[in-house]
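Written out below as structure tokens is the structure these notes cover.
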Amino acid sequence: MKDMKIGKVRNIGLAAHIDAGKTTVTERMLYFTGKTHKIGEVHEGKATMDWMPQERERGITITSAATTTYWKGHRINIIDTPGHVDFTAEVERSLRVVDGTVALFCAVGGVQPQSETVWRQAERYRVPRIAFINKMDRVGADFWGVVEEIREELGANPVPIVIPIGAEEDFRGLVDLLDMKALYYVEGPQGMEVQVEGIPAELSSEAHRARELLVERAAEVDDGLLEKFLAGEEPTREELVAAIRAATIAGKIVPVLCGAAFRNKGIRRLLDAVVDFLPSPADLPPVKGEWEGEELVRHPDDEEPLASLAFKVQADRHMGKLTYVRVYSGVLRVGEYVYNASRGVRQRIGRLFEVHADKREIVAELRAGDVGAVVGLGDTYTGDTLCHEGSPIVLEPIEFPAPVIDLAITPASRSDSDRLGRALAALSAEDPTFLVRADEETGEVVISGMGELHLEIIVDRLNREFGVGVQVGKPQVAYRETVLGTVEHEQKLVKQTGGRGQYAHIVFRIEPAGPGKGFEFVNKVVGGRIPKEYIPAVKKGIVDAMAEGPLAGYPMVDVRVILLDGSFHEVDSSEQAFRTCAAHGFREAAKRAGLELLEPIMSVEVTVPEEQVGAVAGSLAAKRGKILGMEARGKTQVLRARVPLSEMFGYSSELRNITSGRGEFSMHFERYEAVPYAIAEEIAAARREALAIR
């Protein structure tokens, strides 16, 4: 790894809606920076960053891929993320560790559902962004329309750094508003030649208006520039770049560029913008963490104590477990021991790598600001903090959405049965949104994920990577249960069977926690009425009971339990007694509080020809959907709706039939909502009947 000052490092992520061109942009970045000598095309299944067989076959990105390249004396660590909503966890963990993001938008599609999702994820982690409007050569491309959508729908402050020369088939180049020059792309074998000329007369007034807006926005965060602006003086290029950079890092503006990645247009200007406007680790506030209730900070300095975050785990057939890390402070060295502060374990660094998609280069160390991979961390998982044992710190963990779809699987043969458990354990360690549980009533293994494609890929990987054949059932909606009211409950467990008995006594209150809150446990026992060592057992017992709700056996969510009082026996009380008592008590209290069945509600966006809007709106309404809005986009209409996931199975075929193949849709999970009473009764009855038969 090249020795480089931290101010010359850029850790960036590429994020967007599916098919906006993230991987194509990344491939061009690697080519123009000299990292690769041949452009890999997504549609040919040869993209460098889409290295998994499943990615190359489907032409989509499934797993985030990291690489490192160099441009004008800067090291750029790039993470290419998936655009499909089923793999949103990959985006979540990538945005947690990058310092800046290139948000891609299709010049035709504009701000699409997943565009908004990844934008909000970046906002949550306060990641500075620049925008790249791709596919300016496509029919219907509208640069200024997309800029306005970014402003209106994302609430951002987009400021063009370039404006396009032409559009669609006539897209020929860019006007660079910093230098006020026209950049024309000369079509050649690689479309690589750039001719710099004066601004064409027909764009002169538009370019000067855009330049004035750029200077005005930059001046809002730079007093020196503001004085020049008010005095009517022109700033130097260096002054303008510095002001735009400061405003971008502060989140005040979003510089906007454009191009056509597939035609190799606009990529080098984008690389310049990454270097000029996105922050180095040294430009950002120190990372925060805590230890034993005390807030701590770590500055991006090799001399500070080690603090790094494991943001991705990958099962590698040759190396075993590969852990991707971002080093925030200190130095990670081969052969040294590190402390996993999240789990309280000490581990040794086996080997370190700089990563280029599925290829790896061995290095001796990873410094502050670096992104790399580690072998040897068997007890480390996604979101864990690795630090110096003498200076422990736990960094902010990564939050992931809950799975919304279930699939029952059984091994195809006895030999497959032996390997299935190990394979599922490896895959669930990789992916926090992939959960595995055994259904004791049916004897089946139930896997849960973010969508049908997510689980389809999992089953395919079981076969290809682990040699495990499985038989699969039909995808099922991941329903949940919750309580409706508040109830105070007292539960006693008293058993005497000769010898030592079992005794536990608890008093607690159960109440709704609010949508999306999950499970909250509050201990208000005072005076040692229940010894401290038994309190965790009470919580575990409640968690056990929540795994199968009393209504229909679905997991329970959004419940708060407040432990109020209780008592114990010096001899007969034990952790197991309190755990059992809490589980029985919770089930009884939940029944008394009233139960409600919840279902995942999806945000759906359907793009259809104008003449078929009525038929599509009717089909969504028939699915218990709520139409939220409709807008024109070129010669098509875009319908936005909320629809229960249970109604969306097979919708691809239905939409194809309604629109003669001209419609398309996307959807992502939004929230859980109550199932209408009559439907909930049917679902619960059917599940109880199925369990009884089995």
Side-chain angles (χ1 to χ4, degrees), residues 402 435 437-441 478-598 672 674-675 680-681 683-685 687-688 691-692:
L435 303 181
R437 63 181 172 86
D439 191 326
E440 296 179 1
E441 296 285 343
Y479 291 105
R480 296 290 183 262
E481 298 178 23
T482 192
V483 294
L484 286 169
T486 300
V487 164
E488 192 168 305
H489 186 80
E490 181 175 8
Q491 186 77 20
K492 274 190 178 182
L493 173 67
V494 182
K495 283 189 178 180
Q496 195 69 46
T497 56
R500 184 173 178 176
Q502 293 186 60
Y503 181 89
H505 171 218
I506 59 173
V507 179
F508 63 94
R509 185 168 68 247
I510 182 174
E511 60 188 36
K517 296 296 184 181
F519 169 56
E520 297 178 17
F521 180 80
V522 181
N523 175 29
K524 289 192 174 181
V525 175
V526 295
R529 299 278 295 171
I530 300 176
K532 287 184 178 179
E533 60 266 27
Y534 295 150
I535 301 298
V538 174
K539 183 177 180 180
K540 287 178 182 177
I542 293 169
V543 171
D544 292 343
M546 288 180 65
E548 290 188 10
L551 181 60
Y554 292 107
M556 297 192 69
V557 295
D558 302 339
V559 178
R560 181 184 296 110
V561 175
I562 301 99
L563 185 60
L564 301 170
D565 199 2
S567 62
F568 72 104
H569 189 278
E570 291 284 357
V571 177
D572 293 344
S573 288
S574 65
E575 288 187 14
Q576 186 57 49
F578 273 94
R579 186 168 181 171
T580 302
C581 178
H584 288 316
F586 178 83
R587 292 189 189 100
E588 293 300 320
K591 292 176 185 176
R592 290 178 54 209
L595 294 158
E596 186 173 56
L597 193 65
L598 304 176
Y672 272 93
V675 180
E681 285 292 297
I683 294 170
R687 181 168 171 84
R688 287 193 292 265
L691 293 175

Item checked: Nearest-0.5 Å distance that lies between atom CZ in Arg579 and atom CD in Gln576 -> 6.5 Å

Notebook entry, point to check: How long is the gap from CG on Leu484 to CG on Leu595, to the nearest 0.5 Å?
Noted result: 7.0 Å

Item checked: Donor-acceptor pair, side chain of Arg592 and main chain of Glu488, under 3.5 angstrom -> yes

Checklist line | Verdict with supporting geometry, Thr482 and Tyr672, side chain to side chain contact (heavy atoms under 4.5 Å, CB included) | finding: CA-CA 11 Å; Thr482 192; Tyr672 272 93; over 6 Å; no

Next item on the list: Could you grab the distance from atom CZ of Phe519 to atom CG of Asp558, nearest 0.5 Å is fine?
Entry: 12.0 Å

Note to self: Pair Gln502, His569 - check side chain to side chain contact (heavy atoms under 4.5 Å, CB included), show working.
What the structure shows: CA-CA 9 Å; Gln502 293 186 60; His569 189 278; over 6 Å; no

Item checked: Ala504 versus Ala577, closest heavy-atom pair with distance -> CB-O, 3.6 Å

Check: Does some side-chain heavy atom of Ile542 sit less than 4.5 Å from a side-chain heavy atom of Phe521?
Finding: yes

Checklist line | Spacing of Arg587 atom CZ and Asp544 atom CG [to the nearest 0.5 Å] | finding: 8.0 Å

Note to self: Just verifying a value: how many Å separate Thr486 OG1 and Ile562 CD1, rounded to the nearest 0.5 Å?
What the structure shows: 8.0 Å

Next item on the list: Evaluate the criterion side chain to side chain contact (heavy atoms under 4.5 Å, CB included) for residue pair Val483 and Met556; output intermediate values, then yes/no.
Entry: CA-CA 8 Å; Val483 294; Met556 297 192 69; 3.8 Å; yes

Margin query: Which residues pass the ring-ring contact (aromatic ring centres under 6.0 Å, His included) test with His489, not counting sequence neighbours?
Written below: Phe508

Check: Looking at residues at least two apart in the chain, or sitting in another chain, which of them share a ring-ring contact (aromatic ring centres under 6.0 Å, His included) with Tyr479?
Finding: Tyr554

Note to self: I'd like to check Pro550 versus Glu481 (side-chain heavy atoms, cut-off strictly below 4.5 Å). Are they in contact?
What the structure shows: yes

Check: Tyr503: what forms a ring-ring contact (aromatic ring centres under 6.0 Å, His included) with it, not counting sequence neighbours?
Finding: none

Margin query: Taking side chain to side chain contact (heavy atoms under 4.5 Å, CB included) as the definition, give me every residue that meets it alongside Pro555, ordered by chain and number, with sequence neighbours left out.
Written below: Arg480

Check: Could you state the interatomic distance from CG (Asn523) to CG (Leu564), rounded to the nearest 0.5 Å?
Finding: 9.5 Å

Next item on the list: Taking all heavy atoms of Ile506 and all of Ala582, pick out the closest pair and write down the distance.
Entry: CD1-CA, 3.7 Å

Next item on the list: Determine which pairs satisfy salt bridge (Lys or Arg N to Asp or Glu O under 4.0 Å) with at least one residue from residues 501-512, sequence neighbours left out, and list them in order.
Entry: Arg509-Glu511, Glu511-Arg560

For residues 529-538, tabulate all N or O donor-acceptor pairs below 3.5 Å that involve a side-chain atom, not counting sequence neighbours.
{"unit_1": "Arg529", "atom_1": "NE", "unit_2": "Asp565", "atom_2": "OD1", "d": "3.1"}
{"unit_1": "Arg529", "atom_1": "NE", "unit_2": "Gly566", "atom_2": "O", "d": "3.4"}
{"unit_1": "Tyr534", "atom_1": "OH", "unit_2": "Ser573", "atom_2": "O", "d": "3.3"}

